[in-house]
There are 2 protein chains.
Amino acid sequence: MDETGNPGPEIRLPRRATVKDVARLAGVSAGTVSNALSGKRRVDDATRGRIEAAIAELGYIPNIAARGVRTGRANTIALFSSMPTAVAAGPSKLGFMMEIAASAAMTALNRNVALVLVPPIAGPAEALRNVSFDGALLVEPAEDDPFLALLSSRAIPTVVIGEPPVAAGRHVELHYGATARLLVRHMLETGARAFPLMLGQSRRQSHAAFERVYLEEMAAAGLAPRVIRVDETGGEAAAAGAIRAELAAAPGLDGVLVPVDALATGVMAGLRAAGRRVPQDVRVATRYDGIRARTETPPLTAVDLHLDRVSEIATEALLDLIEGAPPAEIPLPPLPLLVPRASTLATPAEG
Amino acid sequence: MDETGNPGPEIRLPRRATVKDVARLAGVSAGTVSNALSGKRRVDDATRGRIEAAIAELGYIPNIAARGVRTGRANTIALFSSMPTAVAAGPSKLGFMMEIAASAAMTALNRNVALVLVPPIAGPAEALRNVSFDGALLVEPAEDDPFLALLSSRAIPTVVIGEPPVAAGRHVELHYGATARLLVRHMLETGARAFPLMLGQSRRQSHAAFERVYLEEMAAAGLAPRVIRVDETGGEAAAAGAIRAELAAAPGLDGVLVPVDALATGVMAGLRAAGRRVPQDVRVATRYDGIRARTETPPLTAVDLHLDRVSEIATEALLDLIEGAPPAEIPLPPLPLLVPRASTLATPAEG
DNA sequence: CTTCTACAGTAAAACGTTTTAGCGAGCCCT
DNA sequence: AGGGCTCGCTAAAACGTTTTACTGTAGAAG
């Protein structure tokens, strides 16, 4: 790992070694050095040996920016978080995004590509002006997502995580329908009979899928459905208010399905304030098994979406797309897995 | 946000507009466009107006790589995670790193700089070959950290988060001593009298600080100290084994202080296996208030390190350093805050 | 009426790579 | 022996910026 102490290597180079320095030392031209490095054209073994020796001696590291100018590639992909800032800033979305980010960064670096994080801080145009990237991962865009609009208008290779709102390019399935069915059926199995579905107001595919599946399953079970829409930007307080209003209107309520975890936290607060016990009086379940679900009291039943695998698949697909690989089917991630927790589990004594 | 429908804007440009295109359209030279954009030299107001009109019309976006070649700046900073892979891969370190990443990404983009994530996947040299950046954030490096060695040998501007092992450049204080004191005193206050300190074996400043403060405080309290070192790469299993051995040797043990949260999880498992109740028989506390601490049963007393603020300070300092701002004192982040949880709280009935 | 300076602009060099076009040597095939 | 190939290499162009060195104009100062 460290150099065997050759004499005086701590002389500061006045400037970083370039491909020309390597070429001179190896007695070849710059083009040959480039070819030796990239493997794009054959280089004689003896020559390659001299080049590698020169590289080692000079500690040469290619200038990525210069390479990018010539090749037009940045060797970088961007992860956009497109959620409304109010939600994105909180620890909930942070967890979701960051689980994806960590896995994507690993996968990307394995293929010699760096991952840059683009927070939802400035407008999408602002972001383009400051970072350069060959493609983008976009997490669960809403229907009018400005990032999605920008990316597709600029024809930037993009892979969406989750179902895209418009028939965009490529996406990785997040199994919205299966996730919804898993949760609705679990509510039914735990004995809930009068449980509304609480959704955000933004136009998202996951909301639509939840609503569709919920209505289907309730109809099949012969139960009366009830869908509550809450303004996500209102955060937990809005959800708490909404559930209290609902309790007043429907005192027999015995469960709530709240896919958005930030809203679920609000619902829990609202239930506590109304003196309802979870799970004895009301069962609660949410979608993303993140820090919010796990640290509620009691912890919330949720779903393992296999985000690490989803993110890996998305990253691989994006890199293939960028490299112009023949378009292949994007593999399906594993099916979602229910993680039952105390918020829906009947107490042992009840059995 | 969207263009007012001027006719036929959906024509695909054969190539991205360049500064020359803008210059031609505005009737000036490329240099003038550059000056107008950067503000480095004065440009007549009328001229600037024409340039801005041209930019808008062409949808011009500067090529960051090309700019980088000329200026030598990448407008990017890197976040290195240097932890041993075994630990880094788990969700625990992930949380720690990702809390920092999210906050750093926001701060950086506010100053028109992108943040790239460098996972500990390849060697540090490998990383340098694939991403270009102007400076680096390094999180809690160990004494022989290869990233730290590389960064300082290459004279890359670096800000360390936490106390650096060698007198490196600049760092943001993580208040190791204060954190340790907070925890040791809390253990004492909750009535623990025979509680060992369990540390990893890697040479880290935070370990050293914990050991020093622990020994001090135990001496002051007239109690017998006991420090256990566990190989971190052994993960939770190693910690579980270590605590069981300790219980056998010292049955009177009534607490454990385990700064590394992955080890704390192992200790909890070990205690459960040995039939000891937490907190009634044994009190347990850890350092980082992440997902591990919060989701243990019972949840672990931990410390709020204000990572978001720490990360913000570090990022600002790094950017100042890169931009050659006059070296100013790096502000201190807020003092750590104890988050007492059930793992050390006496049951109400006990009072 | 000069001379000096400030101003606002231009042309071209420079940054470090990759890629293109071309070249000479050796070999194989007739 | 000569034509055509392949091989391994070189020189130079190209990528899109920023920066340098310069130029002409206009006004101020003497």
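Proteins come first, then strands; the chains are lettered A, B, ... in the order of their sequence lines, and each starts at number 1.
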Any non-hydrogen side-chain atom of [X] less than 4.5 Å from a side-chain atom of [Y]?
X: B/Thr158; Y: B/Ser152; answer: no
X: B/Val118; Y: B/Val116; answer: yes
X: B/Val131; Y: A/Leu109; answer: yes

Quick one: pull up [atom1] in [X] and [atom2] in [Y] and give me the separation to the nearest 0.5 Å.
X: B/Arg170; Y: B/Ile330; atom1: CZ; atom2: CD1; answer: 4.5 Å
X: B/Leu138; Y: B/His171; atom1: CG; atom2: NE2; answer: 13.0 Å
X: B/Leu137; Y: B/Leu115; atom1: CG; atom2: CG; answer: 7.0 Å
X: B/Ile61; Y: A/Arg129; atom1: CD1; atom2: CZ; answer: 6.0 Å

> How would you give the extent of chain A contacts on DNA chain C, as first and last nucleotide 5' to 3' within a 4.0 Å heavy-atom cut-off?
Replying inline: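 First and last nucleotides in contact are C/dG16 to C/dG22.
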> If you fit an axis to the five pairs at each end of the helix from C/dC1-D/dG30 to C/dT30-D/dA1, how big is the angle between those two axes, to 10 degrees?
Replying inline: 40°
> Could you state the CZ-P distance from A/Arg70 to D/dA12, rounded to the nearest angstrom?
Replying inline: 16 Å
For residues 313-324 of chain B, which side-chain donor-acceptor pairs fall under 3.5 Å, sequence neighbours excluded?
{"unit_1": "B/Thr315", "atom_1": "OG1", "unit_2": "B/Ser311", "atom_2": "O", "d": "2.7"}
{"unit_1": "B/Glu316", "atom_1": "OE1", "unit_2": "B/Arg111", "atom_2": "NH1", "d": "2.5"}
{"unit_1": "B/Asp320", "atom_1": "OD1", "unit_2": "B/Arg111", "atom_2": "NH1", "d": "3.2"}
{"unit_1": "B/Asp320", "atom_1": "OD1", "unit_2": "B/Arg111", "atom_2": "NH2", "d": "3.0"}
{"unit_1": "B/Glu323", "atom_1": "OE1", "unit_2": "B/Arg111", "atom_2": "NH2", "d": "3.1"}

>> At a heavy-atom distance below 4.0 Å, what parts of residues 21-33 of chain B sit against DNA chain C?
In response: B/Gly27, B/Val28, B/Ser29, B/Thr32
Can you name the closest pair of heavy atoms from [X] and [Y] and give their distance?
X: B/Tyr60; Y: B/Thr18; result: CE1-C, 3.6 Å
X: B/Ala102; Y: A/Met98; result: CB-CE, 3.9 Å
X: A/Leu117; Y: A/Ala101; result: CD1-CB, 4.0 Å

> Which salt bridge (Lys or Arg N to Asp or Glu O under 4.0 Å) pairs, counting each pair once, include a residue from residues 31-40 of chain A, with sequence neighbours left out?
Replying inline: none
> Any side-chain donor-acceptor pair under 3.5 Å between A/Arg73 and A/Thr71?
Replying inline: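 The answer is no; no qualifying pair exists.
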> Within the structure, does a side-chain N or O atom of A/Arg42 lie under 4.0 Å from either OP1 or OP2 of D/dG8?
Replying inline: yes
> What is the nucleic acid contact for B/Ser34, judged by heavy atoms within less than 4.0 Å: base, sugar-phosphate only, or nothing?
Replying inline: base
> For nucleotides 21-28 of chain D, read 5' to 3', which letter fits each nucleotide if B means a protein heavy atom sits under 4.0 Å from the base, S means only the sugar-phosphate is that close, and - means neither?
Replying inline: B-------
